Amino acid sequence: MPTAPAGTLYRGREGMWSWVAHRITGALTFFFLFAHVLDTALVRVSPEAYDTVIATYKNPIVNLLEVALVGAVLYHALNGVRVILIDFWSKGPKYQQAMLWSIVAVWMLLMIPGVYFMLEHTVSAIFGGS
Amino acid sequence: MTSAEAPDIRAPRTQRTFGSSGRSNFELYSWLFMRISGLVLIFLVLGHLFIMNVLDGGVQRINFAFVAGRWSSPFWQVWDLLMLWLAQLHGGNGLRVIINDYAERDSSRMWLKAALYASMVLVLVTGTLVIFTFDPNIS
């Protein structure tokens with residue numbers, strides 16, 4: 001039974017999965033950007049056209065999508081710094097795994113208060129309050 | 001081993017020939033661009049998301065008057081224009097790499113990239129035009 005060559009970068013484990021997540025978050029953000037630029041372009045049509053389309057976004061589901069977008073972009077940004085350090089810092093490849101867990105920790109630290117502020121409006125709208 | 005088995009290996013430090021071999025440094029510049037634009041986008045995009053989604057309450061607070069107030073300042077116009085171009089080129093180049101990796105047939109790669117480049121031109125032209133011609137008093 002042949003075995004996989006040892007010592008290759010990006011073969012399974014954290015190195016590969018962080019790369020998979022980088023691709024998925026990047027591609028999803030690109031598709032969001034397409035919709036985001038084109039709906040914002042409606043300000044050039046009329047205030048009513050813009051406000052009508054934006055009104056369809058004012059619901060709890062889109063609010064959750066906003067949280068997902070911020071989470072995806074934040075991961076992509078932090079992991080991008082990690083990729084740059086792996087490429088340009090002589091000790092980057094050695095510490096790539098430690099850097100991944102560090103950016104996951106930073107992501108959690110920023111997302112916990114971030115999610116609270118982003119969902120505040122929806123939660124108070126559903127459970128009463130102003 | 002005879003020399004006929006390795007005809008493509010040139011002497012070290014041979015000047016690379018462009019044109020005749022069909023090779024260029026495009027992929028090197030694309031790799032470098034992803035890292036430089038990525039660093040700038042960290043500030044532009046995370047700043048944008050922090051202001052819009054965390055401080056300003058997200059799409060719940062957005063309407064035409066909000067956009068008009070924001071683009072009354074040249075600072076945010078330049079910010080948004082730079083972010084539009086860098087994000088679109090960074091994301092478009094990322095999708096180009098993904099297409100090259102996963103679309104195996106020549107014709108699928110060609111059509112997917114044609115659709116990608118068309119969407120990039122559409123977004124860049126429309127977005128740039130909107131930022132430069134925005135009229136807060138449009139009826």
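Since the structure is predicted, the reported quantities are computational estimates derived from the model, not experimental observations. These values consider heavy atoms only, across backbone and side chains, with no hydrogens, waters or symmetry-generated copies. Labels below follow one simple rule: chain letters A, B, ... track the order of the sequence lines, proteins then strands, and each chain is numbered from 1.
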Could you check whether atom [atom1] of [X] has more than 12 heavy atoms from other residues, nucleotides or ligands sitting under 6.0 Å from it?
{"X": "B/Phe43", "atom1": "CZ", "value": "no"}
{"X": "A/Trp17", "atom1": "CH2", "value": "no"}
{"X": "A/Tyr116", "atom1": "OH", "value": "no"}
{"X": "B/Leu28", "atom1": "CG", "value": "yes"}

Closest contact, heavy atoms only, [X] versus [Y]:
{"X": "A/Ala41", "Y": "B/Thr126", "answer": "CB-CG2, 3.7 Å"}
{"X": "B/Leu95", "Y": "A/Ala27", "answer": "CD1-CA, 3.9 Å"}
{"X": "B/Gly127", "Y": "A/Val37", "answer": "CA-CG1, 3.9 Å"}

With rounding to the nearest 0.5 Å, note down the distance linking [atom1] in [X] to [atom2] in [Y].
{"X": "A/His76", "Y": "B/His90", "atom1": "NE2", "atom2": "NE2", "result": "4.5 Å"}
{"X": "B/Ser119", "Y": "A/Phe31", "atom1": "OG", "atom2": "CZ", "result": "8.0 Å"}
{"X": "B/Ile138", "Y": "A/Tyr50", "atom1": "CD1", "atom2": "OH", "result": "13.0 Å"}

Co-membership, hydrophobic cluster, residues [X] and [Y], 4.5 Å side-chain:
{"X": "B/Ile98", "Y": "B/Phe26", "answer": "no"}
{"X": "A/Tyr95", "Y": "A/Val81", "answer": "yes"}
{"X": "A/Leu119", "Y": "A/Met108", "answer": "yes"}

**Asked** Can A/Phe30 and B/Leu116 be said to form a side-chain contact (heavy atoms from CB on, under 4.5 Å), step by step?
**Response** CA-CA 11 Å; A/Phe30 182 82; B/Leu116 171 68; 3.6 Å; yes
**Message:** If I measure from the heavy atoms of chain A, does B/Leu124 come under 4.5 Å with its side chain, its backbone, both, or neither?
**Reply:**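 Contact with chain A is absent: no heavy atom of B/Leu124 under 4.5 Å.
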**Request:** Tell me, for B/Met34 versus chain A, whether the close heavy atoms (under 4.5 Å) come from the side chain, the backbone, both or neither.
**Result:**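 No part of it gets close to chain A.
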**Request:** Sort out for me which of B/Val54, B/Val123, B/Val59 touches chain A most, counting heavy-atom pairs under 4.5 Å.
**Result:**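 Of B/Val54, B/Val123, B/Val59, B/Val59 has the most heavy-atom pairs under 4.5 Å with chain A.
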**Message:** Among B/Ile62, B/Ile131, B/Leu55, B/Ile42, which residue has the highest count of heavy-atom pairs closer than 4.5 Å to chain A?
**Reply:**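 The candidate making the most pairs under 4.5 Å is B/Ile62.
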**Message:** Once you measure the plane-to-plane angle for A/Phe88 and B/Trp31, does it fall in the parallel (<30°), tilted (30-60°) or perpendicular (>60°) bin?
**Reply:**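 Judged by the thresholds at 30° and 60°, the geometry between A/Phe88 and B/Trp31 is tilted.
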**Prompt:** Would you say the side-chain atoms of B/Asn63 pair up with the backbone N or O of A/Asp51, donor to acceptor, closer than 3.5 Å?
**Reply:**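 No: the side chain of B/Asn63 does not pair with the backbone of A/Asp51.
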**Message:** Is there a side-chain contact between B/Leu84 and A/Leu33 in this structure, where contact means two heavy atoms from C-beta onward sitting under 4.5 Å apart?
**Reply:**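 No - every pair of side-chain heavy atoms lies 4.5 Å or more apart.
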**Asked** Taking A/His36, A/Glu48, A/Lys58 one by one, which has the highest count of heavy-atom pairs under 4.5 Å against chain B?
**Response**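 Looking at each of A/His36, A/Glu48, A/Lys58 in turn, A/Lys58 comes out on top.
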**Partner chain B: residue of A/Leu74, A/Ile54, A/Asp87, A/Val67 with the largest heavy-atom pair count (under 4.5 Å)** =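 Most heavy-atom pairs within the cutoff with chain B belong to A/Asp87.
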**Request:** Dump the intermediate steps for side-chain contact (heavy atoms from CB on, under 4.5 Å) on A/Val83 and B/Arg35, then the final yes or no.
**Result:** CA-CA 9 Å; A/Val83 169; B/Arg35 275 131 191 91; 3.4 Å; yes
**Request:** Run through A/Val73, A/Val70, A/Leu69 and flag the one making a side chain to side chain contact (heavy atoms under 4.5 Å, CB included) with B/Asn53.
**Result:**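 Result: among A/Val73, A/Val70, A/Leu69, A/Val70 is the only option passing the side chain to side chain contact (heavy atoms under 4.5 Å, CB included) with B/Asn53.
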**Item:** Step-by-step side-chain contact (heavy atoms from CB on, under 4.5 Å) determination, B/Gln88 to A/Phe34
**Value:** CA-CA 9 Å; B/Gln88 194 59 32; A/Phe34 180 81; 5.9 Å; no
**Message:** Could you check whether A/Arg23 pairs with B/Asp101 (Lys NZ or Arg NE/NH1/NH2 to Asp/Glu carboxylate O, under 4.0 Å)?
**Reply:**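 B/Asp101 and A/Arg23: salt-bridged.
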